[in-house]
K.L.:
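Mind looking over this structure? Questions follow.
Values below: every heavy atom of this structure, side chains too, minus hydrogens, waters and symmetry copies. Since the structure is predicted, the reported quantities are computational estimates derived from the model, not experimental observations.
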Amino acid sequence: MTPPKKKAGAKKAGAKKSGAEKAAVKKAAAKTSAVKKKRAGVEKVPAVPVPVEPVVPPPVPFSPALGAGDRERLLHGTHHDPHGVLGAHPVPGGVVFRALRPFARSVTVVAEGLRAELHDDGDGFFSALLPLTDVPAYRLLVAYEDTTVETEDAYRFLPTLGDLDLHLIGEGRHEELWTVLGAHPVTHQGVSGTGFSVWAPNAQGVRVAGSFNFWDGTGFPMRSLGSSGVWELFVPGVGDGELYKFDIARPDGTHTLRADPLARRTEVPPATSSIVHTSRYEWGDAEWLGRRAETPVHEAPFSVYEVHLPSWRPGLTYRQLAEQLPAYVRDLGFTHVELMPVAEHPFGGSWGYQVTGFYAPTARLGTPDDFKFLVDALHRAGIGVLMDWVPAHFPRDAWALAEFDGRPLYEHEDPLRAAHPDWGTLEFDFGRREVRNFLVANAVYWCEEFHIDGLRVDAVASMLYLDYSREPGQWTPNEHGGRENLDAVAFLQEMNATVYRRCPGVVTVAEESTAWDGVTRATHHRGPSGFGGLGFGLKWNMGWMHDSLQYMSHEPVHRKHHHHEMTFSMVYAYSENYVLPISHDEVVHGKRSLVSKMPGDWWQQRANLRAYLAFMWAHPGKQLLFMGQEFAQGAEWSEAHGPDWWLLDPAYPAEPDHRGVRDLVRDLNAGYRAAPALWQLDTDPAGFQWVVGDAAEDDVFAFLRHDADGTPLLCVANLSPVVRHDYRVGVPDDVPAWHESLNTDAERYGGSGVGHPDPLKPEPQGWHGRPASIRLTLPPLATLWLRPA
């Protein structure tokens, strides 16, 4: 081995070493060799040089301040992981604390036995490296110019969403989406606050801005939860009533301030902020919900009063409506109300059909709990609640869903597919699983959270067809070359299947104006078109509505030429489960009110209306009547002032005319409920038989309805303005006598009083293909119901 260098003052090289030096060197070498052998696990190893210990430079001090890149991204709201750099983190030499508190004069970390002021790094950043072995339970003492606030640090908390939630969101299968996205006051890791979360996969960054931070989201950046596209932040100390929006950094670097798509409460329009909300309502409708599913809707009485809540009694709140609406509807005998869209919308003139807050009842009439109070009151009065639901499209407001995170997100990425040609709105991208999830969960939300008994789905036809209101060249065929929107079909099937599985007794109703095959067929049953059914419970019969109103608008002298308009509906009456709708759409925009559609003088108009309503209530299918039509309002409906209630003021000279029609509607509903023949076999051809359907010259229609036991009800309508004496009608021979249970020409309704006070006994003379017949005096412009006496 190489001997060690000589010390200063030693003899020059070449001089002989003393025996002692040699011995010392030899001893040191032997010792080194023995150590090496021991380490190597061998007795002998070749001689190696003595190792030289490397010189370790002194450690570079850890800088707690953020680097320029992180600072820049945080200040511009484009940081995807603020929790990774803000808050407290173990580092070499201790624990680093960092805070972003714009406008603060100082920030101090406070913990048990610890009080340390952070260094002001400028631009609202504060930091310090403290000689701690672990991150303590700490709070921040933030001093501003005129106040000091002690608060929890939002960046010390774990996410409020779990892995399962994120997995279900990514799969588009989170059926309770409203419980994880949006704003949720919770106690998280022992601290009260609100968890904010939003889906914005195209965003460079998202921050929360609200009344709790003076609408400056700089100090409240949210973290990205991986590939889910969800951004999340738990903000301690924020609770009910706080206003908020999401400040989104778009892909081009610009910012947009957006309302929460899953906000459960909003400001009163035209204000647009979302509001943190926790429901504290305690329901009282357990009895209603318990028996709601006992009888399928299509086999039960179903008579619907359609209401536009803001204008039914203008100025009333949800709770004030709860004092009046249930009593009114119950008095008239309707089984259900249908509420025009309740979800929040910016423009009242849209009647709610251009929704921006899909998860929030409109704040115009009160809070979400106030709306629950109204639904509860209706249920306790024995009245079901349907709600118009609008999943077809949404408006382009820059604070809502349109290009929510800077790119098409809720709408289709193809501009031709996204733009609705009729309404200037945007159509949802039903093929995107997260969007489909947003809508399916929304349907469930209204049924489960607000105890809604049915959803009437608006504008289904516009969803089903790619070429709806589009000219050639403005649409692209589907993968099979057809015009069906396969994504919309799949969405509607999923929505219906999910609602029916989760919400027993709830019914879905399609406003569908075409001959689409299988709207109310089960989703797993394929029809002639090759599609499974859409899975709705009921469908609006737009064909019957159009044809029958067209017939009634003709002068009686011309009606014989249009007789088929009243009978054609029976050709397809059992192709779907139908509702006969006289809705708001038929009494606005120059279409005139229902009574004003009728020809003749005022007496004839009312007589026509009464006869038509009784014909409608007896026709196969459920009934829907829009508010104001039940008392023959002469003017079109206006959302600005609602129904003309003054027509029912006893001081008004024509009040008896209007009250008579309303009394008829009450009696129609009472007679309808009492006669299972009118509803039990609504969807079964065995429940209907024409007696005379071809008496065009007489303007007479007669048919039998049957219940499940075969008990009949005879309906005869004379839609000419003349009395027809001894009008023979064929009847079964197993009914000993018939009783006139309803006559729309009765004097109490405003009619002439022609009728049959005594039972009518059949004669053994066959007529209309029946073994017996009865002779009737048919009142002018009137409908009769006769039941076995």
Side-chain angles (χ1 to χ4, degrees), residues 259 261-272 274 304-318 321 325 336-368 370-372 374-375 378 385-397 399-402 410 420 422-428 439 442-443 445-447 449-450 452-460 462-463 508-511 540 581 583-589 624 626-628 636-643:
L262 278 96
R264 290 169 293 159
R265 184 181 173 191
T266 68
E267 285 189 286
V268 178
T272 59
S274 304
V304 183
Y305 183 63
E306 187 186 21
V307 179
H308 179 250
L309 283 178
S311 69
W312 185 73
R313 296 276 193 181
L316 296 189
T317 65
Y318 290 128
L321 284 162
L325 183 61
H336 291 73
V337 294
E338 179 177 313
L339 309 179
M340 290 168 65
V342 174
E344 193 59 272
H345 50 284
F347 176 49
S350 75
W351 313 329
Y353 290 101
Q354 295 194 7
V355 179
T356 49
F358 281 81
Y359 284 78
T362 179
R364 292 171 174 86
L365 307 181
T367 69
D370 293 337
F371 178 58
K372 290 181 179 181
L374 172 59
V375 175
L378 286 160
V385 182
L386 311 179
M387 187 187 84
D388 280 12
W389 185 55
V390 192
H393 64 126
F394 57 91
R396 296 174 179 264
D397 298 78
W399 49 269
L401 295 183
Y410 289 91
H420 197 291
D422 291 344
W423 304 317
T425 53
L426 294 169
E427 297 185 12
F428 280 102
L439 293 171
N442 187 243
Y445 169 76
W446 289 104
C447 298
E449 293 293 319
F450 291 92
I452 296 298
D453 303 294
L455 299 172
R456 176 268 197 185
V457 183
D458 183 64
V460 171
S462 74
M463 301 164 64
T508 59
V509 185
E511 187 224 0
W540 275 19
S583 73
H584 65 277
D585 274 333
E586 312 319 317
V587 295
V588 291
H589 299 325
L624 178 140
F626 183 60
M627 64 184 195
E636 284 187 342
W637 168 63
S638 165
E639 79 276 2
H641 64 259

K.L.:
In a check of ring-ring contact (aromatic ring centres under 6.0 Å, His included) between Phe626 and each of Tyr305, Trp312, Trp637, which one passes?
P.N.:
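Only match with Phe626 under ring-ring contact (aromatic ring centres under 6.0 Å, His included): Trp637.
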
K.L.:
What is the ring orientation for Phe371 with Phe450, classed by angle as parallel under 30°, tilted 30 to 60°, or perpendicular over 60°?
P.N.:
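Tilted, since the angle between the ring planes falls between 30° and 60°.
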
K.L.:
Taking the side chain as everything from C-beta on, heavy atoms only, tell me whether His393 gets closer than 4.5 Å to Trp423.
P.N.:
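Heavy-atom side-chain distance check passes, below 4.5 Å.
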
K.L.:
I'd like to check His345 versus Gln354 (side-chain heavy atoms, cut-off strictly below 4.5 Å). Are they in contact?
P.N.:
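Of all side-chain heavy-atom pairs linking Gln354 with His345, none is under 4.5 Å.
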
K.L.:
How many angstroms lie between CG in Leu339 and CG in Leu378, if you round to the nearest 0.5 Å?
P.N.:
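One gets 7.5 Å once the value is rounded to the nearest 0.5 Å.
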
K.L.:
For a side chain to side chain contact (heavy atoms under 4.5 Å, CB included) check, start with the C-alpha distance between Met387 and Leu455, then their side-chain angles and the critical distance, and finish with the verdict.
P.N.:
CA-CA 5 Å; Met387 187 187 84; Leu455 299 172; 4.0 Å; yes

K.L.:
Could you list the residues that satisfy side-chain hydrogen bond (donor to acceptor under 3.5 Å, both in side chains) with Glu338, not counting sequence neighbours?
P.N.:
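Here no residue qualifies.
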
K.L.:
Testing the basics here: between Pro391 and Phe428, what is the closest heavy-atom pair and its distance to 0.1 Å?
P.N.:
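Heavy atoms only, the tightest pair is O-CD1, 3.1 Å.
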
K.L.:
Less than 4.5 Å apart, side chain to side chain, heavy atoms only: is that true for Leu426 and Phe394?
P.N.:
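They are in contact (side-chain heavy atoms under 4.5 Å apart), so the answer is yes.
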
K.L.:
Parallel, tilted or perpendicular: which describes the rings of His584 and Trp351, with under 30° parallel and over 60° perpendicular?
P.N.:
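If you compare the ring of His584 with that of Trp351, the planes turn out perpendicular.
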
K.L.:
Might you point out which heavy atoms bring Pro269 and Pro346 nearest each other, and give the distance in Å?
P.N.:
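So the minimum-distance heavy-atom pair works out to CB-O, 4.1 Å.
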
K.L.:
Just so I know, are the side chains of Leu325 and Arg313 near enough to count as touching, which here means a heavy-atom distance under 4.5 Å?
P.N.:
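No. Closest side-chain heavy atoms not under 4.5 Å.
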
K.L.:
Would you give the length of the straight line joining atom CG of Asp453 to atom CG of Leu386, rounded to the nearest 0.5 angstrom?
P.N.:
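Result: 7.0 Å between the selected atoms.
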
K.L.:
With rounding to the nearest 0.5 Å, note down the distance linking CD in Glu306 to CD in Glu586.
P.N.:
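Separation between the atoms: 9.5 Å.
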
K.L.:
Which distance, rounded to the nearest 0.5 Å, do you find between the NE2 of His308 and the CE of Met627?
P.N.:
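Going from NE2 on His308 over to CE on Met627, the span is 7.0 Å.
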
K.L.:
Which heavy-atom pair separates Glu639 from Gly348 by the least distance, and what is that distance?
P.N.:
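So the minimum-distance heavy-atom pair works out to CG-O, 4.4 Å.
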
K.L.:
Taking all non-hydrogen atoms of both residues into account, name the closest pair between Met463 and Asp458 and its distance.
P.N.:
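Residues Met463 and Asp458, closest heavy atoms: SD-O, 4.3 Å.
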
K.L.:
Just to verify, what does Arg364 make a salt bridge (charged side-chain N to carboxylate O under 4.0 Å, His left out) with, not counting sequence neighbours?
P.N.:
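For Arg364 the salt bridge (charged side-chain N to carboxylate O under 4.0 Å, His left out) partners, ignoring immediate neighbours, are Glu344.
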
K.L.:
Got a sec, which residues hit side-chain contact (heavy atoms from CB on, under 4.5 Å) with Glu449, two or more places apart in sequence or on another chain?
P.N.:
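Scan of Glu449 (side-chain contact (heavy atoms from CB on, under 4.5 Å), adjacent residues dropped) gives Trp178, Lys372, Tyr445.
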
K.L.:
Is any side-chain heavy atom of Asp370 less than 4.5 Å from a side-chain heavy atom of Leu365?
P.N.:
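No, their side chains stay 4.5 Å or more apart.
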
K.L.:
Please examine the side chains of Glu636 and Ser638, heavy atoms only from C-beta on, and report whether any two atoms are closer than 4.5 Å.
P.N.:
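Ser638 vs Glu636: side chains apart.
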
K.L.:
Closest heavy-atom contact between Pro361 and Arg264?
P.N.:
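Nearest heavy atoms, Pro361 then Arg264: CD-O, 3.9 Å.
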
K.L.:
Can you spot which of Tyr410, Phe358, Tyr359 makes a side chain to side chain contact (heavy atoms under 4.5 Å, CB included) with Pro261?
P.N.:
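Among the candidates, only Tyr410 passes.
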
K.L.:
Taking the side chain as C-beta and beyond, is there a heavy-atom pair between Leu309 and Leu374 under 4.5 Å?
P.N.:
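Touching, per the 4.5 Å side-chain cut-off.
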
K.L.:
Which heavy-atom pair separates Pro341 from Gly352 by the least distance, and what is that distance?
P.N.:
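Looking at all heavy atoms of both residues, the shortest contact is CB-O, 3.0 Å.
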
K.L.:
Can you tell me how far CG of Leu624 sits from OG of Ser583, rounded to the nearest 0.5 angstrom?
P.N.:
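So the OG of Ser583 and the CG of Leu624 are separated by 6.5 Å.
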
K.L.:
So do the side chains of Trp399 and Thr356 get within less than 4.5 Å of each other, counting heavy atoms only?
P.N.:
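A side-chain contact under 4.5 Å exists here.
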
